[in-house]
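Sequence positions, counted from 1, serve as the residue numbers for this chain.
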Amino acid sequence: MHRSTASLTTALVGVAAALTLAAPTAVAAAPTAVAAVPTAVAAVPTAVATAPAGSARAAGPGQVCFWTEAGQHGQAWCYAPPGYAEAENGTQRHAYSFDSRVDGTVYAISYGPGNSCLYREIRKDDYDENWEAWATKFDGVSDNKMGCEAG
């Protein structure tokens, strides 16, 4: 390899590395550099798509957070074990998305008529951008099943 070719290759690799760390709009602005390293750029949309963009509050380590709107938008309420906690901040019976960073399992709890209740298991790194199945059932969260049936 000639010295000028090596310098050009090094420069293109540096540009591609910078573009993989940049926002998707920066990738679109430099299509010639993107063509030189397609595998590095292909990884960018996946990382961007999984980020909870625009969330009112991100789940911190040891927490599970619930939002009043799909896509982790709206009012947020977070829980950290141990014990049971009633949902707050508008999320009770109105939790349309969630993200768990609890190191272990917690349980979404829904109370029915009488003493009946259902649980839904939520594991570490579980999330749902559109939790329609449980959005209007969610009453609280616990570190145990609280004697409820799977729902």
Side-chain angles (χ1 to χ4, degrees), residues 12-151:
L12 283 175
V13 169
V15 169
L19 287 173
T20 59
L21 298 174
T25 54
V27 172
T32 55
V34 172
V37 187
T39 53
V41 176
V44 173
T46 304
V48 172
T50 58
S55 59
R57 179 176 176 187
Q63 293 183 323
V64 58
C65 293
F66 301 87
W67 286 267
T68 57
E69 296 177 27
Q72 300 176 357
H73 293 287
Q75 296 295 314
W77 175 73
C78 298
Y79 161 87
Y84 171 81
E86 281 293 306
E88 298 175 4
N89 205 18
T91 58
Q92 188 171 38
R93 299 282 169 143
H94 198 87
Y96 284 89
S97 54
F98 75 89
D99 182 21
S100 180
R101 300 290 173 230
V102 174
D103 190 21
T105 301
V106 295
Y107 302 89
I109 304 293
S110 175
Y111 293 106
N115 291 331
S116 69
C117 61
L118 301 173
Y119 74 85
R120 194 260 192 209
E121 187 174 359
I122 299 174
R123 297 182 184 126
K124 180 180 181 180
D125 296 329
D126 274 356
Y127 70 94
D128 197 324
E129 295 285 329
N130 194 8
W131 201 33
E132 288 183 1
W134 260 74
T136 59
K137 295 179 185 179
F138 180 69
D139 286 313
V141 65
S142 179
D143 61 352
N144 65 73
K145 298 175 187 175
M146 298 187 57
C148 301
E149 295 182 28

Listed partners of N130 passing side chain to side chain donor-acceptor pair (under 3.5 Å), at least two apart: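 Only E132 meet the side chain to side chain donor-acceptor pair (under 3.5 Å) criterion with N130.
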
Looking at residues at least two apart in the chain, or sitting in another chain, which of them share a side chain to side chain donor-acceptor pair (under 3.5 Å) with D125?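 For D125, the residues satisfying side chain to side chain donor-acceptor pair (under 3.5 Å) (neighbours in sequence not counted) are R101.
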
[X] versus [Y], closest heavy-atom pair with distance:
X    : Y   : answer
S97  : Q72 : OG-N, 2.9 Å
H73  : G71 : CD2-O, 3.1 Å
F138 : A87 : CE2-CB, 3.4 Å

[atom1]-[atom2] distance between [X] and [Y], expressed to the nearest 0.5 angstrom:
X    : Y    : atom1 : atom2 : result
K137 : W131 : NZ    : CH2   : 9.5 Å
E129 : F98  : CD    : CZ    : 10.0 Å
T105 : N144 : OG1   : CG    : 12.0 Å
W77  : C65  : CH2   : SG    : 9.0 Å
W134 : I109 : CH2   : CD1   : 6.5 Å

Among residues at least two apart in sequence or on other chains, which ones pass ring-ring contact (aromatic ring centres under 6.0 Å, His included) with Y119?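 Y119 satisfies ring-ring contact (aromatic ring centres under 6.0 Å, His included) with Y107 once adjacent residues are dropped.
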
Sequence neighbours excluded, which residues qualify as ring-ring contact (aromatic ring centres under 6.0 Å, His included) partners of Y96?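 Applying ring-ring contact (aromatic ring centres under 6.0 Å, His included) to Y96 gives H94.
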
V141 pairs by side chain to side chain contact (heavy atoms under 4.5 Å, CB included) with which of V106, T91, V102? V106

Ignoring hydrogens and angles, tell me if any N or O in the side chain of T68 forms a donor-acceptor pair with the backbone of G74 under 3.5 Å.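 Checked: no pair found.
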
N89 side chain to A76 backbone, donor-acceptor under 3.5 Å: yes

Sequence neighbours excluded, every pair satisfying salt bridge (charged side-chain N to carboxylate O under 4.0 Å, His left out) that has a member inside residues 103-114: D103-K124

Per the salt bridge (charged side-chain N to carboxylate O under 4.0 Å, His left out) rule, what does the pair list look like for residues 63-89, sequence neighbours excluded?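 Pairs touching residues 63-89 that pass the test: none.
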
According to salt bridge (Lys or Arg N to Asp or Glu O under 4.0 Å), who are the partners of K145, at least two apart in sequence or on a separate chain?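 Residues passing salt bridge (Lys or Arg N to Asp or Glu O under 4.0 Å) with K145: none at all.
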
Listed partners of D143 passing side-chain contact (heavy atoms from CB on, under 4.5 Å), at least two apart: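 In terms of side-chain contact (heavy atoms from CB on, under 4.5 Å), with neighbours along the sequence ignored, D143 is linked to Y79, P81, P82.
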
Would you call the rings of Y84 and Y111 parallel, tilted or perpendicular, taking 30° and 60° as the class edges? perpendicular

Show me the pairs that pass disulfide bond (SG atoms under 2.5 Å apart) and involve residues 122-151, at least two apart or across chains. C117-C148

Heavy atoms from other residues, nucleotides or ligands near CZ of R93 exceed 12 (cutoff 6.0 Å):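 Above 12, so yes.
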
